[in-house]
Chemist: 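Before anything else, here's the structure in question.
Below, chain A is the first sequence line, B the second, and so on; all start at residue 1.
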Amino acid sequence: MIDFKSELNPAQYEAATNPHGPVLVIAGAGSGKTRTIVYRLAWLVEQGIPPESILLMTFTRKAAQEMLTRTEQILGRPLHGTNGGTFHSFAFQILRQNAAEIGFPNGFTLMDRSDCEDVMREVKSNLGFGVKDRSYPKKATLLDLVTKSRNKEVTIDYLLNSEAFHLACYGNEMEQIAEGYAEYKKQHGLIDYDDLLFFLDELLTKDEFLRNSLRSRFQYIMVDEYQDTNLVQARIVQHLAGKNGNVMAVGDDAQSIYSFRGADITNILKFPDIFSNVKIIRLEQNYRSTQPILDITNAILDGALTKFDKKLFTEKTWGKKPQLMIPLSDFSQSTRVLDRIIELKKKHGPEEVAVLFRAGYQSYGLEVALKRLGVGYKKYGGLKFNEAAHIKDVLSFLRLVSNPSDIIAWQRSLGHIKGVGPKTAQKIANSVIAGDIEQINKFCKKYSLLKDILQDIDGLRGKKSSPATCLEVVIPLYTPILVATYPDDYPRREAGLDQLLQIANNYRELDNFLTDMCLDPDQHREEEAQENTITLSTIHSAKGLEWNAVIIIDLVEDRFPSRKSMNKPLEYEEERRLLYVACTRAREELILSAPASIYRKGTDFTEAAVPSPFVRELDNYLFDEIHESYSGGMAEKRVAAVPSFSKPSSSRGSSSATESSSSGKKPTPPSKMGFCKHKIFGRGKIIEKVEPNKLRVNFPGFGPKVIVEDYLEIL
DNA sequence: CTAGTCACTTTTTTT
DNA sequence: AAGTGACTAG
């Protein structure tokens, strides 16, 4: 038996042992959120709830897996049948069994990002848009906007006006592109990530029988990282749980870092409205970090426009101050960071050391340095295994086995034949789909390779072959192409194909394999990753993880916050939360690195760099500052001697941010401002009106927040 | 229509 | 420094 009372603090205990009815857990960073979920799982199972009636929705499959494993550990026995995964993977499971009902009687293939871009290019050129117009939005931009408008559930016009005004003139054409994109997918049996969610929502809305059967199957639902769900995900939860359902949502508004893909923080705020009799539980004590680290993370949030009530506290009052490290350049940053890694690795063990960064490419320099010294690392985020061109090439053959109308895959597979481009590939594909033997033979005569390809695909399809069998046929077929296209590094790529085959061996069904390659490409990479390695990760991928020692690199203006967000207050604020997430990953040691100069591609020069505004605004007693000297060593700078970076009073980033803050705006007439009430935060004083439909409200104890009017009860 | 050349930007973040 | 897209010769 588990002694829940002594293992959990009172708030955690309450969350874990109250399985009935809707529960909202507001959990600060490191406050034992995962622990709470794990113990709730264990509690349910100990109460005799069948594990298969539990549904656990997380942000990554890795997170789900980890929680299930931990639950098994504390239960001391395996947990069979609990459904744990991402919204997307769950949606795929359900949609697959109901494909006809959502308009895909012949099944569908899930596309990854670059497939979607390919479709977008095709649609754009079919519509004849943007020919000769160099400034026309690129396929990637188009795709970004189309998915964003879907995820935020606003029209493209609205989206353009609110966050991409310079593209507003393309609004009309972009609506058409969005329609064409949807149409194209439908016609060729393709779906994208968004479709998984929207089709599931649609299916659950109209199919009452399915909805009820899922409801009775999943009696207990838990949703992690609720602050990063979007509207359609919230509806799915609603469908599955019902109004009084046993659903627990866990989240932290200060850690919302996915608004770029439509995550909507109002989901958390709205939760008590959607479900009835919601029990709200707050976890505030931090068990992860030492006080000096929390001091700096609290200070980072202090600078936020919309204040958070988070003032994390800990009993770990001891500990080292975080360090601010100033290497001379981003090149020497790699070496200096490497020095620190080696030192930290010795102290904490490699598994307890992580380097975090804003964007995937920022670790390239460090990766080279690590390889040279033979320091093992695993990297999360950035380019995925399955995004490598050769992997995509081979997978496109398998996609044809599974879905012959997948034109994108046709173009990819046949495009390697000399003399065949997108148009010819499409013609060939059409004749194959139509079964026009005569035409096919004509093509085969013209392109010798084609015959082999078609025969192999046909053979594999006929036999309902396993993914591994397919690869054993396709890889030899593809190898000559590989060697021809990548004469320099085909051996490395061949090894990648071997690895792909290893992964495929874990699957019996082709469709599952193909989908997993889009939904969770790295799960197996991890299995293979050797022990005793340090971790490199984008901050987004580091969500929910923690280490004894964390180093954050490239904390300079333009890189962090990313340049694109500098003039958009909302995005700028999200960057701040991103840094908050990064810093709160650290238990004992935190090192911030802000190189004094960075190399800028384009110009062949290294330019002076300014530390990130988030760093500049920190009081310098919060950290120790060390500078790299020209001789290569690191020297501590005495605080008194440093006329520390001027607070960013006139810098671009913060000036644009302060402009929109309450102080700089014409005040709302005081007569209109009164008090209001909010489900979570209670009674508050209205400070000002923000934008069309939001109010800035000061809640005693929680601080000012900007909230949509609809969720406030005006007093 | 393809394949090669040339000129131009661009590097968030993820399912 | 790479990768995209426009342009053009065959």
Chemist: Looking only at the aromatic ring of each residue, does the gap between the centers of A:Tyr258 and A:His540 stay below 6.0 angstrom?
Modeler: yes

Chemist: Between C1' on B:dT13 and CZ on A:Phe560, what's the gap in Å once rounded to a whole number?
Modeler: 10 Å

Chemist: Determine the contact category for A:Lys423: base if any of its heavy atoms lies under 4.0 Å from a base atom, sugar-phosphate if only primed atoms, P, OP1 or OP2 are that close, otherwise nothing.
Modeler: sugar-phosphate

Chemist: Shorter than 3.5 Å, N or O on both sides, protein versus nucleotides 4-10 of chain C: list them out with atom names.
Modeler:
none

Chemist: Is there a donor in the side chain of A:Asp264 and an acceptor in the side chain of A:Asn230, or the other way round, less than 3.5 Å apart?
Modeler: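 A:Asp264 vs A:Asn230: no donor-acceptor pair found between side chains.
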
Chemist: Kindly write out the residues that satisfy side-chain hydrogen bond (donor to acceptor under 3.5 Å, both in side chains) with A:Asn512, not counting sequence neighbours, or none if the list is empty.
Modeler: A:Arg96

Chemist: Within a radius of less than 6.0 Å around CD of A:Gln65, do more than 12 heavy atoms belonging to other residues, nucleotides or ligands occur?
Modeler: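 For A:Gln65, atom CD is not crowded (no more than 12 foreign heavy atoms under 6.0 Å).
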
Chemist: Does the ring center of A:Tyr572 lie less than 6.0 Å from the ring center of A:Phe614?
Modeler: yes

Chemist: Between the protein and nucleotides 3-6 of chain B, which nitrogen or oxygen pairs are less than 3.5 angstrom apart?
Modeler:
from  : atom 1 : to       : atom 2 : distance (Å)
B:dA3 : OP1    : A:Gly419 : N      : 2.3

Chemist: Whole angstrom is fine here: how far is it from CG in A:Leu196 over to C1' in B:dT15?
Modeler: 8 Å

Chemist: Quick check on A:Tyr447: does its OH atom have over 12 non-hydrogen neighbours (other residues, nucleotides or ligands) under 6.0 Å away?
Modeler: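 Yes, OH of A:Tyr447 has more than 12 neighbouring heavy atoms, counting only those of other groups under 6.0 Å.
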
Chemist: Could you check how far NZ of A:Lys148 sits from P of B:dT14, rounded to whole Å?
Modeler: 15 Å

Chemist: Where each residue is assigned the nucleotide of DNA chain B containing its nearest heavy atom, which of A:Pro422 and A:Ala359 is assigned the position nearer the 5′ end?
Modeler: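 Result: A:Pro422.
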
Chemist: Give A:Ser541 one of three labels, base, sugar-phosphate or nothing, depending on what nucleic acid heavy atoms sit under 4.0 Å from its own.
Modeler: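 Sugar-phosphate contact only - A:Ser541 comes under 4.0 Å of backbone atoms but never of a base.
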
Chemist: I need the NZ-P distance between A:Lys543 and B:dT15, as an integer number of Å.
Modeler: 11 Å

Chemist: Is it true that A:Lys139 and A:Asp118 have a side-chain N and a carboxylate O under 4.0 angstrom from each other?
Modeler: no

Chemist: Do the charged groups of A:Asp144 and A:Lys138 touch, with an N to O distance under 4.0 Å?
Modeler: no

Chemist: Determine the contact category for A:Glu571: base if any of its heavy atoms lies under 4.0 Å from a base atom, sugar-phosphate if only primed atoms, P, OP1 or OP2 are that close, otherwise nothing.
Modeler: base

Chemist: Which residues, if any, of residues 441-454 of chain A bring a heavy atom under 4.0 Å of DNA chain B?
Modeler: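 Close to the strand, none.
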
Chemist: Let me know the distance between CD of A:Gln233 and C1' of B:dT15, rounded to the nearest Å.
Modeler: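 Going from CD in A:Gln233 over to C1' in B:dT15 covers 9 Å.
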
Chemist: In terms of side-chain heavy atoms, does A:Ser612 have a donor or acceptor partner in A:Glu557 at a distance below 3.5 Å?
Modeler: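 The answer is no; no qualifying pair exists.
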
Chemist: Quickly work out the A:Lys384 NZ to B:dT14 P distance and round it to whole Å.
Modeler: 5 Å

Chemist: Without decimals, in angstroms, what is the distance between A:Asp118 CG and C:dG3 P?
Modeler: 15 Å

Chemist: With a non-hydrogen cut-off below 4.0 angstrom, is A:Phe87 in contact with a base, only sugar-phosphate, or nothing?
Modeler: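 If one applies the 4.0 Å heavy-atom cut-off, A:Phe87 turns out to touch nothing in the nucleic acid.
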
Chemist: Can you tell me how far the CG atom of A:Leu145 sits from the CE atom of A:Met174, to the nearest 0.5 Å?
Modeler: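 CE of A:Met174 is found 4.0 Å from CG of A:Leu145.
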
Chemist: Starting the side chain at C-beta, find the nucleotide from C:dA1, B:dT13, B:dT15 nearest to A:His540.
Modeler: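 Of the candidates, B:dT13 comes closest.
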
Chemist: Is the distance from OP1 or OP2 of B:dT13 to the nearest side-chain N or O of A:Ser562 less than 4.0 Å?
Modeler: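 No, no such contact exists.
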
Chemist: Would you mind listing every ring pair (Phe, Tyr, Trp, His ring centres under 6.0 Å) that reaches into residues 111-136 of chain A, with sequence neighbours excluded?
Modeler: A:Tyr136-A:Tyr170

Chemist: Output the rounded distance in Å from CG (A:Leu536) to C1' (B:dT13).
Modeler: 17 Å

Chemist: Name all residues meeting the side-chain contact (heavy atoms from CB on, under 4.5 Å) criterion together with A:Arg493; count only those two or more places apart in sequence or in a different chain, and write none if there are none.
Modeler: A:Ala389, A:His390, A:Leu482, A:Tyr486, A:Asp489

Chemist: B:dT14 base stacked by A:Tyr193? Criteria: ring centres under 5.5 Å, plane angle under 30°.
Modeler: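 No, A:Tyr193 does not stack on the base of B:dT14, since the centre distance and plane angle fail the 5.5 Å and 30° test.
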
